[in-house]
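Worksheet for the structure shown next.
Every chain is numbered from 1 and lettered A, B, ... according to where its sequence line falls, protein lines coming before strand lines.
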Protein chains: 2
Amino acid sequence: MENLIPDETIRHTLLSRLSEQVPDFDFAAVQLSAQLLMSSQQTVNLFENHFAQWGLSQGRFAILMLLYNLPENDWTPVKLAEATHVTKATVTGLVNNLSRDGYITRRQHPDDGRKISLRLSESGEQLVRGMIPQHFERISQIYSNLDGQQIKQICDALALLQRAIMPGAAREIRQ
Amino acid sequence: MENLIPDETIRHTLLSRLSEQVPDFDFAAVQLSAQLLMSSQQTVNLFENHFAQWGLSQGRFAILMLLYNLPENDWTPVKLAEATHVTKATVTGLVNNLSRDGYITRRQHPDDGRKISLRLSESGEQLVRGMIPQHFERISQIYSNLDGQQIKQICDALALLQRAIMPGAAREIRQ
DNA sequence: CAAATATAGTTAGCCGCCTTATTATCTCAA
DNA sequence: TTGAGATAATAAGGCGGCTAACTATATTTG
């Protein structure tokens, strides 16, 4: 499973070499960024591995959940792209595979010839209905070692981080 | 940029639907997992966008840094794969592209006919030498809104999370 | 020494992300 | 009313992950 940050020993000598080259080398920030990247990758992997149990990925799961739980929304590729924050082209790919696997169906939209109406198939509904209890049980279990106060502590830290890097993130995207 | 977690409004109705279906629905854990995934994605995107400035990615950057800063290591694809925690095949792909772009060179290893010795080319060295100051300046700047106490707070939260999910992560992989 | 096994690297092919066209349809305004 | 521009979906092609299978070389062992 990917990670890309070298472990302690290599990272340590790497940082010491770098600190010789870079004036004002900011150890704290670099360590923090490494921790964040490692922790991020770990979280993503945890969920991807979990979903793999049902042959799903984060993206496939997100689409199935939206179709299953909010069927009144008359989902189209564009709506899914907006809801899941990926591009239309990515949705096309996910929808291709999900429909190839028989979980969803495309049909012409009655009102607008450009649109495609997406629905869960019978087997798609079955899949979701079957996985939901285990899925949410598992999420609860993953974090079961944390008490309410600790969860709050983590959420606070994430919010703090969010606020601190938000302007930076916005500037990045423009670049 | 990907994210996959729907925003507040959709997420809210989604969760309320789910809580009707799932007995003992653990709001706190689900919210935490959503926050973690969003925050993870944001962190990864921040760095990927930052690297894109030089036509790099996390993986390409990791390899260049190791070749540049620890040249005495006599790097081979396998060593890089171990150091960066990706598969050999992934390293082959990254090395293909980096060498196509003229940043690194492959040569036969003198001692062992199976091995390939990887080195930075002149232009690879130039690239790294040129980007290092800006890169680390940028990292420092990204987190410049945080004081030492806040950085510690975030690191503590990450460590807490790490300890809490570690056994879960290990079990997952086996699955 | 020869055969079995281990190791290094690549290839092939899948997935999900992206950007940049392209095509089809719809809407609006001259 | 028709022609320009907006919008919906897909296609094509790149990237970086992965697994599984393959080749070539070393090593170990009977």
Need one value for [X]: base, sugar-phosphate or nothing, where a base atom within 4.0 Å counts as base even if backbone is also close, heavy atoms only.
X      : answer
B/S57  : sugar-phosphate
A/L4   : sugar-phosphate
A/K115 : sugar-phosphate

Nearest whole Å is fine: how far is [N] [atom2] from [X] [atom1]?
X      : N      : atom1 : atom2 : result
A/N3   : D/dG17 : CG    : P     : 11 Å
A/I116 : C/dT25 : CD1   : C1'   : 12 Å
B/H109 : C/dA8  : NE2   : C1'   : 11 Å
A/Q108 : D/dA9  : CD    : C1'   : 10 Å
A/K88  : C/dA24 : NZ    : P     : 15 Å
A/H85  : C/dC18 : NE2   : C1'   : 17 Å
B/E2   : C/dT19 : CD    : P     : 11 Å
B/E48  : D/dG14 : CD    : C1'   : 14 Å

Residue A/T87, side-chain atoms from C-beta onward, closest of D/dA20, D/dC15, C/dC18: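 Of the candidates, C/dC18 comes closest.
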Listed by chain and number, what are the side chain to side chain donor-acceptor pair (under 3.5 Å) partners of [X], not counting sequence neighbours?
X      : result
B/D7   : A/H85
A/E8   : A/R11
A/K152 : A/D156

Approximate separation, where rounding is to 0.5 Å, of A/L98 CG and A/T105 OG1: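 Spacing of CG (A/L98) from OG1 (A/T105) equals 11.5 Å.
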Separation of A/Q58 CD from B/L37 CG (nearest 0.5 Å):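 It comes to 5.0 Å.
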Under the salt bridge (Lys or Arg N to Asp or Glu O under 4.0 Å) rule, collect the residues that match up with A/D74, sequence neighbours excluded. none
Output all residues satisfying salt bridge (Lys or Arg N to Asp or Glu O under 4.0 Å) with B/R17, sequence neighbours left out; order by chain, then residue number.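 Only A/E72 meet the salt bridge (Lys or Arg N to Asp or Glu O under 4.0 Å) criterion with B/R17.
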Within residues 22-40 of chain B or reaching into it, pairs that qualify as side chain to side chain donor-acceptor pair (under 3.5 Å) - sequence neighbours excluded: A/S140-B/D26
Identify the pairs formed between an N or O of the protein and an N or O of nucleotides 24-28 of chain D at a distance under 3.5 Å, and give each distance.
| unit_1 | atom_1 | unit_2 | atom_2 | d |
| --- | --- | --- | --- | --- |
| D/dA26 | OP1 | B/G113 | N | 2.6 |
| D/dA26 | O4' | B/R114 | NE | 3.3 |
| D/dA26 | O4' | B/R114 | NH1 | 3.4 |
| D/dA26 | O4' | B/R114 | NH2 | 3.4 |

Polar side-chain atom of [X] near backbone of [Y] as donor-acceptor pair, under 3.5 Å:
X      : Y      : answer
B/R107 : B/R119 : no
B/Q41  : B/M38  : no
A/D101 : A/Y103 : no
A/W75  : A/I63  : no

For the helix from C/dC1-D/dG30 to C/dA30-D/dT1, how many degrees between its two end axes (five pairs per end), to the nearest 10°?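 The angle separating the two end axes equals 10°.
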side-chain contact (heavy atoms from CB on, under 4.5 Å) between A/I116 and A/T76: does it pass, once the steps are laid out? CA-CA 6 Å; A/I116 294 286; A/T76 64; 5.8 Å; no
Got a sec? Which of residues 98-107 of chain B come in under 4.0 Å of DNA chain C, heavy atoms? B/R106
So, using ring-ring contact (aromatic ring centres under 6.0 Å, His included) as the criterion, who are the partners of A/Y143 when residues are at least two apart?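 A/Y143 satisfies ring-ring contact (aromatic ring centres under 6.0 Å, His included) with no residue once adjacent residues are dropped.
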Quick one: ring-ring contact (aromatic ring centres under 6.0 Å, His included) partners of A/F136, sequence neighbours excluded?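 Scan of A/F136 (ring-ring contact (aromatic ring centres under 6.0 Å, His included), adjacent residues dropped) gives B/F25.
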Would you jot down, in residue-number order, the residues of residues 58-80 of chain A having a non-hydrogen atom under 4.0 Å from DNA chain D? A/T76, A/P77, A/V78
Check whether any side-chain nitrogen or oxygen of A/T90 sits under 4.0 Å from OP1 or OP2 of C/dC18, and answer yes or no. yes
side-chain N/O A/N96 vs D/dT10 OP1/OP2, d < 4.0 Å: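 Answer no for this pair, as no side-chain N or O of A/N96 is under 4.0 Å from OP1 or OP2.
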Both B/E82 and B/G93 contact DNA chain C. Taking the nearest nucleotide for each, which residue is further toward the 5' end?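 Looking at DNA chain C, the more 5' nearest nucleotide goes with B/E82.
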